[in-house]
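In what follows, a structure is listed as structure tokens, so that the remarks can point back to it.
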Amino acid sequence: MRVDRFLSNLPRFNRQQVRLLLVEKRVRIDGKIVSDPHAEVLEFSRVEVDEEVLQAGKPARYFMLHKPPGCVSATRDPQHPTVLDLIDEPDKHDLHIAGRLDFNTTGLMLITNDGTWSRRLTQPQTKLPKVYYVETEREIGPEYALKFTEGLYFAFEDLTTQPAELLLLGPTSARLSIVEGRYHQVKRMFGHFDNKVLRLHRESMGPLVLDSALKPGEYRALRTEEIQLI
Ligand code: URA
């Protein structure tokens, strides 16, 4: 939210006072004086007027996890282990998953408390490619690539999938790049050809690639430059 709106939403300042506070350089966001009324205040920002803290802010946190098979992409589940069970961090129930994976799908999972960041990563409009390694029960035919580029009609959502790129690696293995994350999308795409997906592994989401040093079940914090890529 813009800083002028953030301040005038507080009962103690009217718009005229907010303008003055900014002109008089009495407002600080994350320790830096701001006079631009458009300056952005996030839920993670520390906002001060003179020496008074109006919002303490909290640290934004970002992790990359190598999801193992047999765990649920949820923060809680009554029956199965969840990806959050693999994370040993304070206040971990503030965290959420940016782009879920099915129970037995493995690979890159991004976990954060920053909703703006995770929306940028997952919303189809951003068109960030998500790359999957796929193994199937039967041979992958030459007709698959064209159909995936054209898009498949998903009746349940009443939509046609965005163009996806398929690279054959072997008779029953391929790398598939999709820009959306519809429910069971990859399995449904191969399901169109009656071909069951036996193994599914997410290698990357946009510029973020699963760290090869992470074994299944391990995670690490993202580096600043990785966070800024999104
Ligand atoms: N598509 C699927 O079908 N499953 C996943 O876990 C991810 C993408």
Side-chain angles (χ1 to χ4, degrees), residues 63-77 79-87 95-112 118-141 143-145 147-170 172-211 214-219 230:
F63 303 99
M64 156 186 305
L65 168 83
H66 185 163
K67 181 189 175 294
C71 81
V72 186
S73 284
T75 47
R76 288 163 215 265
D77 190 275
Q79 278 176 350
H80 301 288
T82 72
V83 289
L84 226 59
D85 293 335
L86 300 166
I87 303 246
L95 299 171
H96 63 267
I97 296 158
R100 291 164 188 275
L101 292 174
D102 294 339
F103 189 64
N104 278 323
T105 303
T106 57
L108 176 64
M109 177 152 269
L110 296 166
I111 296 170
T112 181
S118 61
R119 265 191 299 283
R120 272 204 300 278
L121 193 78
T122 53
Q123 64 193 2
Q125 300 90 292
T126 322
K127 293 206 185 325
L128 270 191
K130 285 92 186 169
V131 178
Y132 291 86
Y133 169 77
V134 190
E135 284 178 9
T136 56
E137 191 168 54
R138 298 191 299 106
E139 274 198 19
I140 302 170
E143 68 281 20
Y144 287 41
K147 190 71 200 158
F148 289 177
T149 314
E150 286 171 357
L152 285 161
Y153 179 67
F154 282 0
F156 183 73
E157 296 92 336
D158 187 25
L159 58 81
T160 301
T161 55
Q162 303 265 343
E165 254 177 64
L166 183 73
L167 176 71
L168 269 182
L169 301 173
T172 58
S173 60
R175 185 162 282 127
L176 177 69
S177 174
I178 58 176
V179 295
E180 304 148 290
R182 306 283 170 201
Y183 181 66
H184 293 328
Q185 179 159 346
V186 176
K187 290 176 187 160
R188 289 161 80 193
M189 289 172 75
F190 283 89
H192 173 80
F193 295 101
D194 242 341
N195 199 352
K196 191 169 171 196
V197 170
L198 300 181
R199 178 153 183 245
L200 190 55
H201 176 84
R202 184 158 63 198
E203 298 177 334
S204 60
M205 295 178 79
L208 297 174
V209 179
L210 180 63
D211 189 332
L214 293 176
K215 299 195 193 78
E218 291 183 345
Y219 74 96
I230 301 302

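Counting starts at 1 for both ligands and their atoms, in listed order. These numbers come from a predicted model, not from an experiment. Computed from heavy atoms alone, side chains included, the values below leave out hydrogens, waters and symmetry copies.
Shown here is Glu165, whose CD atom has no more than 12 heavy atoms of other residues, nucleotides or ligands within 6.0 Å.
The cationic atom of Arg182 (NZ for Lys, CZ for Arg) does not lie both less than 6.0 Å from the six-membered ring centre of Phe154 and within 45° of the ring axis.
Remark: Leu86 pairs with Leu65, Pro68, Cys71 by the side chain to side chain contact (heavy atoms under 4.5 Å, CB included) rule, at least two apart or across chains.
Around ligand 1, the residues contributing at least one heavy atom under 4.0 Å from the ligand are Leu101, Asp102, Thr105, Tyr132, His184, Gln185, Val186, Lys187, Leu200.
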**Study point:** Full working for salt bridge (charged side-chain N to carboxylate O under 4.0 Å, His left out) between Arg175 and Glu203
**Key:** CA-CA 9 Å; Arg175 185 162 282 127; Glu203 298 177 334; 2.7 Å; yes

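With respect to Arg199 and Glu137, no salt bridge is recorded, no charged nitrogen being found less than 4.0 Å from a carboxylate O.
Ring pair His80/Phe103: centre-to-centre distance below 6.0 Å.
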